[in-house]
Structure formats: C-alpha cells, structure tokens
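Have a look at the structure below, then the notes.
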Amino acid sequence: MVSNRLPFTVDRRPEGVRIRRSPGGLVAALEPALAQRGGVWVGWTGAAREDDDTAAGAPPAATENVQYRAVPLTAHEIALYYAGFANRTIWPLFHYFVGQTQIDSATWRAYERVNERFAQVAADASDDEALVWVHDYQLLRVPHHLRRLAPRRRIAFFLHIPFPAADVLRVLPWSRDLIQGMLAADLVGVHIPSYADHVLTCAERLLGCEVDRGAGLVRFEGREVSVEAHPISIDVAEVERLAEQAARGSDAPDTPVAEILGVDRLDYTKGIHERMLAVERLLERHPGLRRRIAFTQVMVPSRERVAEYGELKREIDETVGRINGRFSERGWSPIRYLVRSLPPAELVALYRQADVALVTPLRDGMNLVAKEYVAAQLDDDGVLILSEMAGAADELQEALLVNPFDVDEVAEALHRALQMPRDERRARMSALRHRVRANDVRAWVERFLEASERAGLRARNTVASPADALQRMLAPWLARRSTVALFLDYDGTLTPIVPRPEDAQLSEAARQTLDQAARTPNLDIVIVSGRALADLQQRVGVPGLTYVGNHGFEIEGPGISFRHDELERWRAALEAAAAELDLLTASGARVERKGASVAFHVRTVPEGERRRLERQAEALLRRRRLRVSLGKGLIEGRPPVPWDKGHAVLHVLVHRHGADWPSRVSALYIGDDRTDEDAFRSLEGIGRSIRVGPTAGGASYADYRLPDPDAVLVLLRWFASGAFAGAKS
Ligand code: GDG
C-alpha cells in the first residue's frame with residue numbers, strides 16, 4: 001500500500017513522541033486487507049525529517065503481518081510537494097477551481113522528486129509477486145517511476161478525487177506527465193464512470209493513445225491499461241453499531257425543532273460558505289421557520305499549511321457570525337458551529353439525530369459523509385440533500401439532488417425536505433440505505449483487488465511491442481497522404497549511445513533495413529545528425545538516402561545539395577577556435593573538426609579536471625562569437641546563425657515536395673536528443689514526432705515515445721516493408 005500518509009499521526013510533544021492511529025473507514029478497511037495478505041504500507045509520517053529523526057523513522061507495526069516504511073520528507077519538500085503542487089495545483093485544478101490553480105515549476109520539480117522517492121521505497125519493499133496499490137493525487141507519478149525501477153511489478157492506482165475533463169486538465173503544463181504517471185499502472189481506478197471517461201479522453205487527446213471506450217482500455221507504451229470506476233464506500237457495520245448506541249443513549253428532549261446537519265473537512269471544495277447562504281435564504285423566504293430549525297455545521301480544520309485554508313476559515317466565521325447576528329432570538333440561534341474533529345461516536349449521534357443532512361460540495365470525488373448519514377438512519381427516516389457535483393450523486397439518486405452553486409435551489413430543497421411527508425422520506429431513505437449497505441468499503445477493497453489481479457494478468461499477457469502499438473496509432477494518419485517522409489536521427493536513435501562517439505556503429509540489421517527502405521515506393525528517408533556530413537554518410541553508407549549533417553548546415557541527397565551560405569564566413573573562426581582547443585587536449589580531451597562546427601570531447605577527461613576544461617573551452621568558443629551548446633560529455637561551437645535540425649527538416653520538405661507539402665506528405669521525425677527537440681517543434685501540428693529513450697517522461701515536443709533503438713528498428717522494418725501503404729484502404 002502506498003499513500004501520502006501512513007495510517008497514523010506522529011506528534012512530537014514535550015512528554016515524548018505520540019502515535020495516533022488515523023480514524024476513518026478507509027484505513028479501517030485497507031489495513032485488515034493488507035494484514036490478511038501480509039504487506040507493507042509506505043507513506044509519510046506527517047513529521048518533517050529534521051524535526052525529529054525518531055518520529056520520521058519507521059514506526060512500529062500494528063500487526064506482525066503489516067510493516068510500515070516511512071518516506072522521509074524535509075520541511076522544504078513538504079512545503080513544495082505537499083502544500084505546493086499537491087494542494088495548490090492538483091487539488092484545485094482537479095476540482096475545477098482553475099482560477100485558483102498555481103502553476104509553479106519549482107513545486108512541480110519537488111513533486112516529481114518526492115514521487116520518485118516514494119516509488120523507490122515501494123520498489124525496495126516489494127517483489128514481482130507483490131501487488132503495489134498506490135493511492136491518490138499526491139502520488140500520480142509513482143506508477144511511472146515504479147514501472148521504470150521494476151518493470152514487471154503489478155501496480156494498481158486509485159484516485160480519490162475527481163478526474164477532470166481534458167480541457168481543464170490541459171491547463172496544467174505537466175498534464176501529460178500526470179496522465180503518463182498513472183497509466184504506468186495496470187489498473188487505474190476512479191470513483192465513477194464519468195471520471196473514467198475523462199481519463200480515457202485525456203489519454204487519447206493529450207497523449208495520442210489508442211483507447212477502447214467500451215472495454216475501458218488504454219494502449220500505452222505497448223501495454224493495455226484498464227481504467228475502471230470503483231465507487232468507494234464506508235464501514236457500514238461500524239456506522240450502524242454507533243448509530244444504535246446513539247439511539248439507545250439519546251436523551252434529547254423531543255423538541256419540535258428540525259435538525260439540519262453539515263459535516264466537512266474545512267475546504268473550499270465543500271461549498272460550506274454557499275451552504276450558509278442557503279440557510280440564510282431559507283430564513284429570509286420563510287420567516288415561519290425561525291425558531292423551528294437548527295443548523296449544525298461540523299468543520300474539521302485541515303491543511304493548515306496551505307494559506308488559502310486560513311482565509312476560507314475567516315470568511316466562513318464571518319458569515320456564520322453575520323447570519324446568527326441577523327436572526328438569533330432569545331434562546332435560539334440558527335447556526336451551531338463546531339470547529340473541531342468529533343469522536344466517531346459523537347459524529348454518528350449527530351447523523352442519527354439530524355432530520356436533514358446538507359451535503360453540498362461544489363465538487364467532490366465521492367463524499368463519504370453522504371453515505372455515513374444514510375447508513376446511520378436505522379429507522380429509514382431523514383432526508384439527504386446532495387450536490388450533483390459529488391461523485392456520490394451517481395449512486396444516491398433518491399436524495400434531493402441540487403446544484404450547490406444555486407443558493408435559491410438549495411434553500412428550496414431545504415424547505416421541501418422540512419415539509420416532506422413521512423412516507424416519501426421513508427421511501428427515499430430506505431432505497432438509499434439499501435444501496436449503501438450493498439456496497440460496503442470491504443466489498444470495495446475486495447472488488448478493487450480482484451480487478452487489479454485481472455488487469456495485471458491482462459497487462460502481462462498482452463504486452464504488445466511499443467512499435468506495434470505506435471504503428472496502429474500512426475496508420476490512420478499515414479493513410480491520409482500519399483507519401484511518407486521519415487527523418488531519423490543517428491546517435492541514440494539508429495544506434496545505441498556508446499561512451500565514445502567514434503564507436504557508434506550501425507548494426508548490420510539496421511543497414512539492411514535502411515537499404516530496403518531506400519527502395520520502398522512513396523517512402524523518403526532522411527538521416528539527420530550533428531555529426532559532420534561526411535562522417536554520417538560513411539557510417540550509414542546506404543545510397544539513395546538524404547543525409548543532413550552538422551545540425552542541418554550541410555545536406556546531400558537525391559536532387560538536393562545544400563550548404564548554409566553563412567558557413568564560408570565562419571570557416572576561419574571555426575578553424576581558429578579548433579586550433580586553440582588543440583592546446584587544451586593534454587588531459588585526454590579531443591577536438592573534432594566537423595567542417596561546419598567544432599566539437600570538444602571531454603568524456604575521457606578525469607572527473608576532477610573536466611569542469612575546468614569545459615569552462616575554458618566554452619570561454620574560448622564564445623570569444624570567437626560561436627554559438628555554444630553543451631551535450632553529453634561534449635561542448636560544441638557552431639556559427640551563431642538561427643539554423644538547426646528543425647530548419648533543415650523544413651528545408652528538405654519544401655525543396656523536395658513544395659511549400660504545400662503538408663497536404664501530400666506525412667512527415668515523421670524520430671530522435672532522442674535535445675537538439676532533436678528543434679525538429680519536433682518545427683513539425684508540431686504539421687507532422688508527427690517520436691522521442692526515443694528511457695528518459696521519455698521529461699518534457700518534450702514529441703507526439704509519441706519509443707523506448708530504444710531496437711524499437712525504432714521494428715518500426716523502421718514496418719515502413720521498409722511498405723505495409724504502411726496498405727493502411728490506406
Ligand atoms: C476524499 C475525497 C472521497 C468528518 N468530520 C469528522 C470526521 N469526518 C470524516 C467523515 C468522512 C471523512 O471525514 C470525510 O470524507 P469525505 O469523503 O467527505 O471527504 P475528503 O476528506 O475530502 O475525502 C472524497 C474520499 O476521499 C474517499 O475516497 O469520498 O470525495 O475528497 O468519513 O466521517 N470524522 C470524525 N470526526 C469528525 O469531526 N471522527
């Protein structure tokens with residue numbers, strides 16, 4: 001089990017460390033399920049690492065079948081990952097509070113780092129027989145990192161909050177990363193079908209994945225991922241037990257005052273403020289109800305580290321004060337306001353006593369208060385007013401459903417609830433109770449685990465190659481145009497990256513495939529590289545292809561021979577820089593004269609000296625007014641003209657197919673390097689691109705991903721076979 005918080009709180013007090021188990025039905029259901037199978041719970045203790053090493057360390061196990069592994073977080077990480085990205089970016093955005101969503105790359109980086117750490121701890125705590133169940137919005141990237149660390153792990157993910165529509169999610173610069181993060185699991189679980197639909201649409205529209213809506217499947221990186229609705233529930237038996245005690249122990253005088261109840265964590269998504277306004281509207285419209293109703297609002301303080309929550313608290317305090325000031329009479333105030341967490345027995349007693357529950361979140365993944373209220377109505381009486389924006393509204397259709405933004409409508413629903421005939425109340429409540437009892441949280445856990453098993457088996461049995469999956473996605477696009485222009489980078493795309501660039505040889509298999517591709521009708525192959533043109537031509541050695549060398553400064557191919565006209569002007573500067581760099585080669589560095597550029601290789605220089613040499617080389621290139629780029633173990637100087645692989649790709653396309661090439665040519669670029677991003681960007685929207693490599697999670701302009709040069713070769717074989725043309729029919 002992997003969740004942001006371990007199922008208890010560690011408090012450091014003057015008298016020592018205190019450990020309190022977290023209350024609530026979810027923990028009560030998950031822990032026995034974990035104990036039954038034997039397992040590990042991975043999470044944060046709630047204490048900052050530097051506050052107290054013992055408090056942040058691994059706490060004692062509840063039973064011998066369950067162990068806890070703490071993920072240590074510093075106060076700074078908590079501020080950025082938890083209070084920042086999780087609670088000021090994902091939480092508001094996923095609840096449709098777009099205007100309140102903070103976009104801050106520093107908090108994103110911390111989120112990514114912390115998620116990676118959770119994944120590392122989870123990977124260490126499990127083996128390939130284990131099922132790793134990851135929970136909620138704080139850990140959306142964990143499946144991705146876990147899959148990377150342990151490719152054969154069975155992973156299930158459950159999101160406890162809504163999953164928003166694609167147009168909302170895409171507001172986030174890292175929306176693709178978040179979906180990719182989840183889709184690395186075998187099963188993605190959400191509360192209701194509409195959230196599942198949104199996941200599928202986002203996978204399709206933002207990642208270009210192939211999606212089977214009927215079956216609830218996404219093909220992602222060659223795997224079939226199940227996306228399913230599993231509405232969470234509550235510990236019904238426990239609520240009923242407490243409700244029975246409350247009924248027996250209750251000595252409340254049988255007053256004619258109707259009790260209305262609201263119970264929430266303090267949060268702007270819960271619509272507490274709007275609910276107060278509805279109570280005010282009710283009393284304005286129906287003065288006869290004064291003295292005859294009492295509204296109790298229980299509000300549990302939460303996320304005190306997040307500034308907006310303090311502000312919200314002040315606002316609600318003020319409104320409660322204003323309404324009570326306006327309507328209170330001797331011996332009666334309309335609103336009773338409890339700002340604290342109540343013991344479960346007291347909470348359930350309130351449920352039991354309430355004639356009406358007002359559950360009006362502006363947006364809520366599920367909302368368990370609604371279900372708890374229903375479960376506590378042992379005599380099938382009581383009215384539930386429920387927001388249409390809560391996931392629970394899907395199942396609890398017999399409630400009075402309201403739009404929580406519409407204060408008039410909520411006030412009228414309250415009025416209706418207070419007047420509702422007993423027979424109608426009982427009919428509605430018995431139907432609701434029946435439904436809630438039929439789906440207890442234990443049943444939910446069991447069903448989710450079974451679904452995880454199924455999804456894990458399917459994912460293992462259907463692992464299609466990533467190239468196969470990509471072919472299927474590309475086929476309809478390729479079918480729309482007569483010709484394919486396929487651009488291939490060399491190092492890292494056609495050949496694996498090797499420590500010394502001079503050792504990067506094309507495999508015989510790749511050469512044969514390129515040779516075949518050169519003869520395939522309607523297929524135009526272009527090899528693109530930062531290497532010197534002559535070097536590239538010699539390494540590939542396949543006639544009939546187009547070669548783009550020196551990051552685009554030189555191009556040779558059938559019907560095309562291009563040298564950038566600025567090259568001559570910079571030849572002297574490049575040679576002078578190369579001559580100066582020659583003087584720095586004492587410690588094993590190497591100068592490569594590439595004609596249109598000069599490269600200084602430092603990979604073989606001892607660690608300690610490398611930085612100094614790099615700095616010297618950089619300064620020297622800059623003095624010659626060359627454009628400097630830093631690669632992996634290499635520094636390059638190029639003429640400072642705005643020309644890169646992106647420009648070169650467009651030059652080839654226009655030269656060969658005319659300015660209106662997009663209507664006739666499907667241009668596809670495959671590359672692995674930072675310099676390939678220029679080409680990805682040039683083709684954005686007018687062609688397609690694929691980024692190769694294991695770091696494929698990072699930001700990229702590419703439309704698709706492939707894991708390695710082997711996968712590129714599989715795709716290339718498909719093109720070379722001409723089968724892509726068959727897709728037209
Ligand atoms: C997230 C999603 C989804 C409240 N006051 C007291 C108290 N509570 C308990 C309730 C209930 C829980 O807190 C609140 O659960 P909700 O579901 O209403 O809301 P979130 O905390 O926002 O939970 C939500 C849920 O995850 C599960 O997937 O339903 O949509 O936002 O159980 O009883 N408990 C005690 N004293 C209180 O004063 N003991």
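All values below come from the heavy atoms of this structure, side chains included, with hydrogens, waters and symmetry mates left out. Along the sequence shown, the residues carry numbers beginning at 1. As the structure lists them, so they are numbered: ligands from 1, and atoms in each ligand from 1.
Under 4.0 Å is where a charged nitrogen must lie from a carboxylate oxygen, and between Arg154 and Asp186 no such pair does. Between Asp381 and Arg426 no salt bridge is recorded (no basic side-chain N to carboxylate O distance below 4.0 Å). Salt bridge status for Asp379 with Arg352: present, with a side-chain N to carboxylate O gap under 4.0 Å. A salt bridge does not link Arg141 to Glu116: none of the charged side-chain nitrogens sits closer than 4.0 Å to a carboxylate oxygen. Salt bridge status for Arg37 with Glu446: present, with a side-chain N to carboxylate O gap under 4.0 Å.
Under a 4.0 Å criterion applied to the non-hydrogen atoms of Asp364, ligand 1 contributes the atoms 2 (C), 24 (C), 30 (O), 31 (O). Residue contact check: Val263 has heavy atoms under 4.0 Å from atoms 4 (C), 5 (N) of ligand 1. In the vicinity of Leu347, heavy-atom distances shorter than 4.0 Å reach the ligand 1 atoms 6 (C), 7 (C), 33 (O), 34 (N), 35 (C). Heavy-atom proximity to Val300, at under 4.0 Å, picks out these atoms of ligand 1: 4 (C), 5 (N), 6 (C), 37 (C), 38 (O).
Checking only distances, Asn367 does come within under 3.5 Å of ligand 1, N or O to N or O. At a 3.5 angstrom cut-off on N or O pairs, Leu368 counts as close to ligand 1. Looking at ligand 1, you'll find an N or O of Gly365 within less than 3.5 Å of one of its N or O atoms. For a threshold of 3.5 Å applied to N or O pairs, the pair formed by Glu372 and ligand 1 contains at least one separation below that value.
Judged by a 6.0 Å distance limit and a 45° cone about the ring axis, Arg303 is positioned over the six-membered ring of Trp91.
The option with the heavy atom closest to atom 36 (N) of ligand 1, from among Asp136, Val298, Leu342, Asp235, is Leu342. Among Arg340, Lys270, His160, Met366, the residue whose heavy atom sits closest to atom 19 (O) of ligand 1 is Lys270. Distances from atom 21 (O) of ligand 1 to the heavy atoms of Arg265, His191, Lys371, His135 show the closest one on Arg265.
Look at Trp91 and you'll find a heavy atom under 4.0 Å from some atom of ligand 1. Distances shorter than 4.0 angstrom occur between a heavy atom of Tyr351 and an atom of ligand 1. Ligand 1 lies nowhere less than 4.0 angstrom from a heavy atom belonging to Glu346.
Looking at Tyr137, Tyr309, Tyr81 one by one, the single match for side chain to side chain donor-acceptor pair (under 3.5 Å) with Asn87 turns out to be Tyr137.
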For Asp364 and Asn367, run side-chain hydrogen bond (donor to acceptor under 3.5 Å, both in side chains): C-alpha distance rounded to whole Å, both residues' side-chain angles, the deciding distance at 0.1 Å, then the answer. CA-CA 6 Å; Asp364 213 334; Asn367 193 297; 2.8 Å; yes

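Residues passing the side-chain hydrogen bond (donor to acceptor under 3.5 Å, both in side chains) test with Arg314, sequence neighbours excluded: Glu311.
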